[in-house]
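Below is one structure, written out as structure tokens; the observations come after it.
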Amino acid sequence: MRWLVFFPVLVIFAGLDAGIGSLFAISWMGGAAPSLVAILVAFVALQASPRATLWAGWWAGLMLDVAPGSGSGGTMAVVLGPHALGMTAAAWIVLVCRGLVFRTRLPTLMAVAGVVAAASALAVTSIRTLRFWLPWTEAAVPQPAVDVLLRLCGDAVATGILAIIVGGVLLMTSRWWRFDTTPGRLDYAGRRGG
Amino acid sequence: MFSRRRLALGIVLLLTTVSALLPPSASGWSNDVADILRVGQMPFARMGVALNGWLRPWRDAQGQPVDPATLEAVQAERDRLERLFRQERIRADELAARVRLLESLPDSALRAPIPPTTLSRAVTGRAVRDATARIELQPPDVGEDRLHVGDVVVASGRRLVGRLERATDLRLLVRPVAHPDTGPIEVALVRGADDTTRPLARILLQPDGRGTLRADVDRRVDVQVGDALMLTDPGWPARVQGLVVGHVQALEPIDAAPLRQRVVVMPAAPPQSIVQVAVVSTASEVGE
């Protein structure tokens with residue numbers, strides 16, 4: 001994978017996520033919002049090599065950890081790690097199941113982007129809950145489980161819908177990324193047949 | 001076997017996990033890292049915010065659009081309240097530290113006719129590594145008349161710092177206990193700071209000019225590194241007796257006197273570690 005393409009796109013997406021996140025926020029679903037970074041991670045995780053996928057997930061999560069407005073608590077301290085671990089876990093989940101899907105199709109990217117958004121949000125929530133239980137972190141009280149689940153579903157659906165446009169654009173630029181993995185099993189079979 | 005690349009990823013993930021669980025006080029560096037990493041994001045975040053404001057104008061609680069001037073005024077008010085909140089928070093932390101410091105003082109010090117005064121260390125250009133250097137304190141806003149030369153200065157946890165050497169409206173100087181001018185101090189050797197009822201021996205400590213205090217004691221006295229030394233000097237005010245002067249740092253043989261050994265004592269409150277102190281007045285005893 002071309003990291004020189006990945007990093008600029010990641011920075012742009014992370015910045016836009018921080019800026020326009022509230023524009024698409026669904027208030028009755030706990031402020032659920034689509035994530036451009038999740039779409040990017042899904043796009044990369046479907047096509048890049050396993051090692052590049054995990055690193056891309058980590059970097060994407062790190063950029064979300066440091067995104068403007070990410071500070072929390074009375075000191076507005078930035079906690080590095082929750083999103084980095086969450087996105088890496090989400091990328092790993094895609095790695096595990098990507099052999100079963102058509103990797104370069106838009107519906108696949110939409111579904112996987114939703115999975116990435118939900119999985120990373122679940123991981124981040126888990127880490128924040130763990131921080132709350134640790135006596136030394138002074139973390140904020142986590143939200144009720146129902147609200148969290150509602151927001152996870154909202155994140156997934158909103159990200160999947162946004163992936164119709166953003167994912168389509170990303171798929172059109174696939175050649176620039178130089179993903180060096182072999183095509184998915186079914187894609188390969190389809191090519192041979194066609 | 002793990003390849004180097006997998007190992008690198010594993011180590012990075014392990015460090016990330018540790019970072020994610022660190023307390024806020026230990027992750028102050030993360031704000032600096034974040035400031036560097038988010039530089040590239042800022043222009044796009046601003047673009048996003050501008051686009052957001054254009055597509056979805058701000059509305060008040062009744063759903064009416066808010067004009068930009070009102071919005072700016074509200075934002076300015078919000079920033080002012082946030083600054084006030086931070087200032088009050090700092091002030092509250094400072095007051096809490098003072099209360100903790102006063103609570104740690106001996107009861108006799110609190111029963112003095114003039115109550116103890118808490119002071120912070122002034123930021124000066126002095127050589128903080130010089131353990132015998134005098135410590136400059138910030139004069140209090142009110143109540144400077146309660147401070148007198150000779151008052152005893154105590155740090156948290158009943159640790160003796162020294163005595164007030166100069167007390168003016170502009171300057172408060174403390175002579176630390178390890179300063180050569182302090183002179184000999186009589187102390188009681190106790191095993192652990194908690195067991196103060198059975199002193200192992202009484203010792204006359206002498207500042208050595210190098211930031212520590214020394215005493216030559218009988219080799220038969222069971223002295224161990226880490227033992228505490230409590231003030232029992234009749235030359236010091238009665239209400240500060242029992243404060244911790246220091247801890248045994250080392251035991252050295254004396255070639256000229258094989259039946260004795262030299263005890264090296266590190267002051268309990270080294271000047272470089274002083275942040276806030278309490279001044280226990282000796283005013284009533286001056287007249288006695």
Side-chain angles (χ1 to χ4, degrees), chain A residues 7-8 10-25 36 50-52 54-55 57-59 61-86 88-89 92 123-124 126-128 130-131 133-139, chain B residues 2-59 63 79 82-83 85-90 92-93:
Chain A
F7 277 115
L10 172 61
V11 168
I12 293 169
F13 277 20
L16 289 176
D17 260 353
I20 61 172
S22 59
L23 179 65
F24 303 110
L36 289 167
R51 188 170 57 85
L54 293 176
W55 277 112
W58 185 81
W59 275 109
L62 189 71
M63 284 297 172
L64 290 181
D65 280 328
V66 302
S70 59
S72 62
T75 56
M76 293 302 285
V78 173
V79 179
L80 296 180
H83 283 97
L85 293 173
T88 310
W92 179 76
V124 169
S126 305
I127 293 167
R128 285 184 178 159
L130 183 61
R131 281 180 64 81
W133 286 109
L134 293 174
W136 60 80
T137 54
E138 302 167 16
Chain B
F2 280 115
S3 68
R4 274 188 179 181
R5 286 169 174 174
R6 280 188 180 181
L7 188 64
L9 182 63
I11 291 171
V12 166
L13 289 178
L14 185 66
L15 292 175
T16 310
T17 308
V18 171
S19 165
L21 300 177
L22 278 177
S25 57
S27 56
W29 54 272
S30 61
N31 280 352
D32 300 330
V33 174
D35 286 343
I36 296 169
L37 286 177
R38 71 163 66 114
V39 165
Q41 297 182 27
M42 292 306 291
F44 302 103
R46 285 182 191 280
M47 280 170 50
V49 170
L51 184 67
N52 198 351
W54 182 60
L55 290 175
R56 186 184 276 187
W58 294 98
R59 292 179 183 277
D79 294 344
E82 192 173 329
R83 281 197 300 276
F85 169 73
R86 289 179 186 276
Q87 285 171 3
E88 289 304 313
R89 190 185 173 94
I90 292 169
D93 288 346

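Labels below follow one simple rule: chain letters A, B, ... track the order of the sequence lines, proteins then strands, and each chain is numbered from 1.
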task = For atom CH2 of Trp58(A), decide whether the heavy atoms of other residues, nucleotides or ligands shown that lie under 6.0 angstrom number more than 12.
result = yes

task = Would you check if Leu21(B) and Arg131(A) make a side-chain contact, meaning some heavy-atom pair closer than 4.5 Å?
result =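 They are in side-chain contact.
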
Kindly compute the distance separating [atom1] ([X]) from [atom2] ([Y]), expressed to the nearest 0.5 Å.
X	Y	atom1	atom2	value
Gln41(B)	Leu10(A)	CD	CG	7.5 Å
Leu16(A)	Leu51(B)	CG	CG	8.5 Å
Thr16(B)	His83(A)	OG1	NE2	14.0 Å
Leu13(B)	Trp92(A)	CG	CH2	12.5 Å
Leu80(A)	Leu37(B)	CG	CG	8.0 Å

So which heavy atom on [X] is nearest to which on [Y], and how close?
X	Y	result
Ile12(A)	Phe44(B)	CG1-CZ, 3.4 Å
Leu85(A)	Ala20(B)	CD1-CB, 4.3 Å
Ser19(B)	Val79(A)	O-CG1, 4.2 Å

Arg38(B) (side chain) donor-acceptor with Leu64(A) (main chain) under 3.5 angstrom =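 Absent.
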
ask   = Which residue out of Leu15(B), Val49(B), Leu9(B) racks up the most heavy-atom pairs below 4.5 Å with chain A?
value =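 Of Leu15(B), Val49(B), Leu9(B), Leu9(B) has the most heavy-atom pairs under 4.5 Å with chain A.
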
